[in-house]
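Data first, discussion second: the structure below is written as structure tokens.
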Amino acid sequence: MQRHSAGPAPRVLVVEDEPTIAESVAARLRAQGFDTEIAGDGHQALAAAAERRPDVVVLDLMLPGVDGLEVCRRLQARRPVPVLMLTARDDETDVLVGLGVGADDYLTKPFSMRELVARVQALLRRVERAAELATQPTPDDSDITIGDVEVSRSQRRVRRAGAEVHLTPTEFDVLVYLATRPRAVCTREQLLAELWGWAVAGGTRTVDSHVKALRRKLGADLIRTVHGIGYALEVPS
Ligand code: CA
């Protein structure tokens with residue numbers, strides 16, 4: 001048991017159609033104190049997520065019926081939840097990062113159970129930290145306005161031209177980090193260190209993926225790429 005906080009065990013939904021992998025992942029997570037459930041395909045995953053409201057989803061990309069990509073999109077559209085995507089090859093991860101699909105981290109098969117548990121725990125720590133911040137508003141939780149984008153830090157909500165935009169927890173954190181440093185160039189490494197606090201598999205590509213998703217949701221001009229260095233938030237003058 002490696003969790004620090006009291007209260008109910010965090011719920012993890014494992015979505016994987018290969019029973020051997022699903023069972024071994026679930027068993028290992030259970031041994032670490034997680035409340036774990038398995039879904040064998042995309043439809044089951046969406047139903048289980050609606051019913052159980054998992055804290056983290058471990059999601060295989062290749063699923064019969066609704067694939068992992070679509071499951072990830074539909075999950076995020078309903079309720080932001082951290083997703084650890086399992087892929088079969090590194091180049092698949094590259095494609096997904098390029099698409100900015102909204103997964104928070106990626107793990108390529110075969111992976112070690114130790115690695116998987118570490119990733120799940122790290123995603124969960126970020127959620128817990130966000131929840132703590134949400135219940136303990138600080139003087140630094142004022143709303144931020146960038147052009148037609150309004151960010152409520154206390155509520156962790158974003159609107160664009162008055163319409164609510166659903167961001168994943170990580171996308172929200174990246175946006176706020178950049179928005180609180182307008183026009184400042186933030187390196188990919190800085191964003192990784194500050195927001196993830198640990199090395200993710202995709203490395204700096206993971207940062208690129210989240211920026212891509214933010215541009216898709218909030219407008220292409222919001223975040224400027226500083227070639228070879230990182231990103232900066234553009235402030236309309
Ligand atoms: Ca599979």
Side-chain angles (χ1 to χ4, degrees), residues 69-70 72-83 85 93-106 123 125-197 200 202-237:
L69 213 58
E70 186 59 25
C72 186
R73 286 202 184 102
R74 293 195 202 172
L75 285 176
Q76 301 291 5
R78 282 186 196 162
R79 179 179 73 98
V81 59
V83 172
M85 186 84 84
T93 303
D94 292 341
V95 170
L96 294 177
V97 166
L99 288 173
V101 293
D104 288 274
D105 197 7
Y106 299 90
L123 286 177
R125 274 197 298 276
R126 299 191 55 249
V127 175
E128 286 173 352
R129 198 179 57 183
E132 280 166 20
L133 290 175
T135 55
Q136 297 168 2
T138 63
D140 196 26
D141 70 347
S142 56
D143 294 353
I144 303 170
T145 303
I146 318 127
D148 63 353
V149 175
E150 298 162 64
V151 182
S152 166
R153 281 192 276 182
S154 56
Q155 297 181 44
R156 293 184 67 85
R157 297 172 86 156
V158 176
R159 291 172 164 269
R160 183 187 184 194
E164 177 126 23
V165 178
H166 293 281
L167 299 185
T168 68
T170 306
E171 287 162 9
F172 185 87
D173 291 343
V174 171
L175 176 63
V176 167
Y177 190 85
L178 292 172
T180 49
R181 297 159 181 77
R183 296 198 179 94
V185 178
C186 300
T187 67
R188 292 177 173 83
E189 292 74 15
Q190 178 185 352
L191 287 160
L192 266 182
E194 294 283 340
L195 297 176
W196 280 264
V200 290
T204 53
R205 292 178 312 177
T206 304
V207 177
D208 298 341
S209 171
H210 288 89
V211 168
K212 195 151 205 157
L214 284 170
R215 284 178 176 148
R216 180 161 48 77
K217 294 176 179 180
L218 298 174
D221 300 334
L222 185 72
I223 299 168
R224 182 168 62 96
T225 298
V226 183
H227 192 67
I229 300 176
Y231 296 103
L233 189 105
E234 288 296 285
V235 184
S237 47

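Computed from a predicted structure; not experimentally measured.
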For [X] and [Y], which heavy atoms make the closest approach, and how far apart are they?
X	Y	value
Pro169	Arg156	O-NH2, 3.4 Å
Ala103	His210	O-NE2, 3.4 Å
Arg188	Gly228	NH1-C, 4.4 Å
Cys186	Tyr177	SG-CE2, 3.9 Å
Tyr106	Ser209	OH-OG, 4.1 Å
Thr168	Lys217	N-NZ, 4.3 Å

Distance from [X] atom [atom1] to [Y] atom [atom2], nearest 0.5 Å?
X	Y	atom1	atom2	value
Asp143	Arg159	CG	CZ	11.0 Å
Leu233	Thr180	CG	OG1	9.0 Å
Leu191	Glu194	CG	CD	8.5 Å
Leu195	Gln190	CG	CD	9.0 Å
Asp104	Gln76	CG	CD	6.5 Å
Leu175	Thr170	CG	OG1	12.5 Å

Sidechain-backbone polar pair: Arg157 side chain, Glu164 backbone, donor-acceptor under 3.5 Å
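No; judged by distance alone, with no hydrogens or angles, the pair does not exist.
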Going by salt bridge (charged side-chain N to carboxylate O under 4.0 Å, His left out), name the residues that satisfy it together with Arg79, two or more places apart in sequence or in a different chain.
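Testing Arg79 for salt bridge (charged side-chain N to carboxylate O under 4.0 Å, His left out), a comparison that skips the adjacent residues, returns none.
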For Arg160, what residues pass the side-chain contact (heavy atoms from CB on, under 4.5 Å) criterion, not counting sequence neighbours?
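Per chain and number, Arg160 pairs via side-chain contact (heavy atoms from CB on, under 4.5 Å) with Asp148, Val149, Val165, Leu218.
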Of the options Arg215, Arg224, Arg183, which is the one that meets Glu234 in a salt bridge (Lys or Arg N to Asp or Glu O under 4.0 Å)?
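Answer after filtering Arg215, Arg224, Arg183: Arg224.
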Please test Leu167 against Leu214 for side-chain contact (heavy atoms from CB on, under 4.5 Å), starting from the C-alpha separation and ending with a verdict.
CA-CA 8 Å; Leu167 299 185; Leu214 284 170; 3.9 Å; yes
Residue of the set Thr225, Thr187, Asp208 for which side chain to side chain donor-acceptor pair (under 3.5 Å) holds with Tyr231:
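Single pass found, and it is Asp208.
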